Trainee: 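Okay, here's the structure, questions in a sec.
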Amino acid sequence: MTVDTTVTVRVPAKVNLQLAVGPAREDGFHDLVNVFHAVSLFDEVTVREAGPRSGRPDGSTSPDGGTLLAELTANGRSVSHLSRVPLDASNLAAGAADLLGRETGRGRPVRIHLEKRIPVAGGMAGGSADAAAALVACDRLWQTGLPREDLLRLAAVLGSDVAFPLVGGTAVGRGRGEILEPVASPGRYRWVFALSPHGLSTGAVFAEYDRLRPDAPAPELSTALRDALAAADPAALGRALANDLQEAALSLLPELERTLKTGASAGALGALVSGSGPTCAFLVGGGAEESSVVAEREAAVVASLEASGLCEQIVRADGDVPGTVFV
Ligand code: ATP
């Protein structure tokens with residue numbers, strides 16, 4: 001049997017089709033109903049064996065005293081987004097390697113390279129995606145062979161959004177978002193994403209939500225959304241898209257309202273802020289629609305967003321797509 005010394009994993013971004021947020025709990029978290037939808041915007045995470053004498057560049061060690069992270073590098077098209085990626089032990093991919101190494105006792109020093117396509121601090125869970133990818137990549141590199149349920153459990157320890165990219169597709173997350181259940185969604189959809197030059201901190205958006213909605217009700221899955229997905233009806237899906245954090249994101253970054261209106265006026269079937277923002281998502285078609293109809297709508301939305309001068313970058317993607325895959 002050959003043993004891999006380099007493993008690359010491709011991992012998708014997510015958009016939330018519904019994000020219902022309950023009131024803050026005693027532990028500071030919020031109960032969520034979070035309908036995740038994986039889209040074809042991918043990061044690639046490569047882990048390599050590093051020599052046994054390699055240590056972290058900052059000299060730090062993992063909590064058990066090991067030195068699992070030898071070096072972290074990142075590359076990507078957007079300089080402003082790349083500048084927000086920490087290249088030390090605080091990177092979520094490094095945290096995933098550390099946790100797996102400690103849990104299994106099989107961790108060895110690694111170099112981790114991130115090829116970033118998912119917007120950073122954009123509400124598309126790029127950091128969580130990298131953590132999920134690093135988890136499965138190290139699992140293979142170190143031949144830990146953890147059962148899937150153990151990987152999902154470790155992912156949930158790493159963060160509320162880390163388990164979903166292992167699974168992909170469309171799924172509802174409950175609790176903090178980490179208790180996943182697949183949702184029937186036979187359709188395929190086309191999306192346009194407007195990336196902002198700014199980042200929004202997830203914590204700041206939740207704090208603004210608590211300020212604006214101190215009386216938030218318990219979150220519930222939208223039946224309109226579930227029915228639209230089951231029927232693969234893009235118009236109904238567009239109407240059912242909902243994000244409780246949108247008002248808070250708009251309050252912190254008011255220009256997002258113009259971005260949303262621009263795409264909606266150009267004919268998008270639905271428009272919403274993705275997660276905690278500031279990326280805006282536009283549903284431009286899918287299901288049984290003719291591809292020429294979808295392409296025309298997509299072109300109109302992209303042209304209007306480009307002309308608005310509000311976006312740093314506009315990207316197109318399909319959803320849903322599967323979760324992590326080995327490259
Ligand atoms: P979420 O929607 O899960 O709250 P997000 O998509 O808004 O997150 P991320 O791209 O995950 O945002 O990044 C949030 C912050 O996490 C970044 O500003 C950065 O400081 C930190 N971070 C840690 N690891 C990574 C990583 N691998 N990629 C990107 N950001 C990372």
Side-chain angles (χ1 to χ4, degrees), residues 9-17 19 21 29-30 32 34-39 41-47 69 71-99 110-138 155-156 158-166 173 176-178 193 195-209 243-246 248-249 252-253 256 272-281 312-313 315 324:
V9 172
R10 195 179 78 164
V11 63
K14 60 84 183 162
V15 58
N16 306 94
L17 305 180
L19 181 46
V21 183
F29 287 104
H30 295 73
L32 306 176
N34 199 343
V35 182
F36 297 104
H37 182 77
V39 294
L41 203 65
F42 301 102
D43 278 358
E44 275 190 11
V45 176
T46 300
V47 295
L69 179 63
E71 193 185 5
L72 210 143
T73 50
N75 198 7
R77 281 186 214 132
S78 166
V79 176
S80 68
H81 281 255
L82 264 185
S83 68
R84 291 183 216 128
V85 179
L87 296 179
D88 59 16
S90 69
N91 194 292
L92 295 171
D98 254 356
L99 180 64
V110 284
R111 299 182 196 286
I112 302 178
H113 178 73
L114 309 176
E115 202 59 46
K116 296 288 301 177
R117 292 280 177 275
I118 305 175
V120 179
M124 300 191 77
S128 300
D130 295 350
L135 199 59
V136 292
C138 288
L158 287 163
S160 311
D161 288 355
V162 180
F164 173 69
L166 295 176
R176 288 184 285 117
E178 82 288 11
F193 294 99
L195 278 53
S196 165
H198 310 286
L200 269 180
S201 141
T202 305
V205 175
F206 270 99
E208 181 68 355
Y209 178 78
N243 179 359
D244 281 356
L245 291 181
Q246 182 161 307
L252 297 177
L253 209 50
L256 294 180
L272 88 173
V273 168
S274 179
S276 54
T279 302
C280 291
E312 185 192 58
Q313 202 188 329
V315 294
T324 47

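Here the structure is a predicted model, which means the values were calculated and not measured. Atoms within a ligand are numbered from 1 in the order they appear, just like the ligands themselves. Residue numbers run from 1 in the order of the sequence given.
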Trainee: Side chains of Asn91 and Ile112: closer than 4.5 Å at any heavy-atom pair?
Mentor: no
Trainee: Please round to the nearest 0.5 Å and tell me the distance separating atom CG of Leu17 and atom CG of Asn34.
Mentor: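 Between Leu17 CG and Asn34 CG, I get 9.5 Å after rounding to 0.5 Å.
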Trainee: Around atom 28 (N) of ligand 1, find the nearest protein heavy atom and jot down its residue, atom name and distance.
Mentor: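 Nearest protein contact, heavy atoms only, for atom 28 (N) of ligand 1 is Lys116 NZ, 3.0 Å.
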Trainee: Is it the side chain, the backbone, both or neither of Thr202 that has a heavy atom closer than 4.0 Å to ligand 1?
Mentor: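 The answer is the side chain.
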Trainee: Identify the protein heavy atom lying closest to atom 24 (N) of ligand 1, giving its residue, its atom name and the separation to 0.1 Å.
Mentor: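 Protein heavy atom at minimum distance: Leu92 N, 3.0 Å.
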Trainee: Could you identify the single nearest non-hydrogen protein atom to atom 11 (O) of ligand 1 and state the distance to 0.1 Å?
Mentor: Gly127 N, 2.8 Å
Trainee: If every non-hydrogen atom of Ala248 is compared with every non-hydrogen atom of Tyr209, which pair is closest and at what distance?
Mentor: CB-N, 3.6 Å
Trainee: Judged on heavy-atom distance to atom 2 (O) of ligand 1, which of Ala129, Gly203, Ser201, Ala125 sits nearest?
Mentor: Ala125
Trainee: Closest approach of Ile118 and Leu41, non-hydrogen atoms and distance?
Mentor: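 Nearest heavy atoms, Ile118 then Leu41: CG1-O, 3.6 Å.
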Trainee: Just so I know, are the side chains of His113 and Asn75 near enough to count as touching, which here means a heavy-atom distance under 4.5 Å?
Mentor: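 When only atoms from C-beta onward are counted, Asn75 and His113 do touch, with a gap below 4.5 Å.
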Trainee: Taking only heavy atoms of Met124 into account, list the atoms of ligand 1 that are under 4.0 Å away from them.
Mentor: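 Close to Met124: 6 (O).
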Trainee: Starting from atom 22 (N) of ligand 1, find the nearest protein heavy-atom neighbour and note its residue, name and distance.
Mentor: Pro86 CD, 3.6 Å
Trainee: Residue-level breakdown please: for Asp161 versus ligand 1, do any non-hydrogen atoms fall below 4.0 Å on the side chain, on the backbone, on both, or on neither?
Mentor: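 Side chain only; the backbone of Asp161 stays clear of ligand 1.
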Trainee: Which part of Leu114 is near ligand 1, with near meaning a heavy atom under 4.0 Å away: side chain, backbone, both or neither?
Mentor: side chain
Trainee: Can you find a side-chain donor-acceptor pair between Ser274 and Thr279 that sits under 3.5 Å?
Mentor: no
Trainee: Using a strict 4.0 Å cut-off to heavy atoms of Ser128, name the atoms of ligand 1 that fall inside it.
Mentor: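 Ligand 1 atoms under the 4.0 Å threshold to Ser128: 3 (O).
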Trainee: Parallel, tilted or perpendicular: which fits the ring planes of His30 and Phe206, with parallel below 30° and perpendicular above 60°?
Mentor: tilted
Trainee: Can you tell me if Ser80 and Glu312 form a side-chain donor-acceptor pair at under 3.5 Å?
Mentor: yes
Trainee: Identify, by atom number and element, the atoms of ligand 1 in contact range of Asp130, meaning under 4.0 Å from any of its heavy atoms.
Mentor: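 It comes down to these atoms of ligand 1: 26 (C), 27 (N), 28 (N).
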Trainee: Quick one, Val315 and Leu195 - any side-chain contact, counting heavy atoms below 4.5 Å?
Mentor: yes
Trainee: Tell me the closest heavy-atom pair linking Thr202 and Ser276, and the distance in Å.
Mentor: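 Closest approach of Thr202 to Ser276, heavy atoms only: OG1-OG, 3.3 Å.
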Trainee: With heavy atoms of Pro119 as the reference, note each atom of ligand 1 found under 4.0 Å away.
Mentor: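 Heavy-atom distances to Pro119 below 4.0 Å select 10 (O).
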Trainee: If we only count heavy atoms from C-beta on, is the Val21 to Leu245 side-chain gap below 4.5 Å?
Mentor: yes
Trainee: Could you tell me, atom by atom, which parts of ligand 1 come under 4.0 Å of a heavy atom of Gly122?
Mentor: 5 (P), 6 (O), 7 (O), 12 (O)
Trainee: Nearest to atom 30 (N) of ligand 1, what protein heavy atom do you find, and at what distance?
Mentor: Val120 CG1, 3.8 Å
Trainee: Does any N or O atom in Leu200 lie less than 3.5 angstrom from one in ligand 1, N or O only?
Mentor: no
Trainee: So, taking the atom named CD in Glu178 and the one named CG in Asp161, what distance separates them when rounded to the nearest 0.5 Å?
Mentor: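 Here the rounded value is 10.0 Å.
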Trainee: Is atom 15 (C) of ligand 1 in close reach of the protein, with a heavy atom under 4.0 Å away?
Mentor: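 Looking at atom 15 (C) of ligand 1, one finds that no protein heavy atom lies closer than 4.0 Å.
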Trainee: How far is atom 13 (O) of ligand 1 from its nearest protein heavy atom, and which residue and atom name does that atom have?
Mentor: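 I find the closest protein heavy atom is Ala121 N, 3.5 Å.
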Trainee: What's the shortest distance from atom 5 (P) of ligand 1 to any protein heavy atom, and which residue and atom give it?
Mentor: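 Of the protein heavy atoms, Gly123 N, 3.5 Å lies nearest.
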Trainee: In the protein, what heavy atom is nearest to atom 17 (C) of ligand 1, and what distance, to one decimal place, separates them?
Mentor: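 Among all protein heavy atoms, the one nearest atom 17 (C) of ligand 1 is Arg84 O, 3.9 Å.
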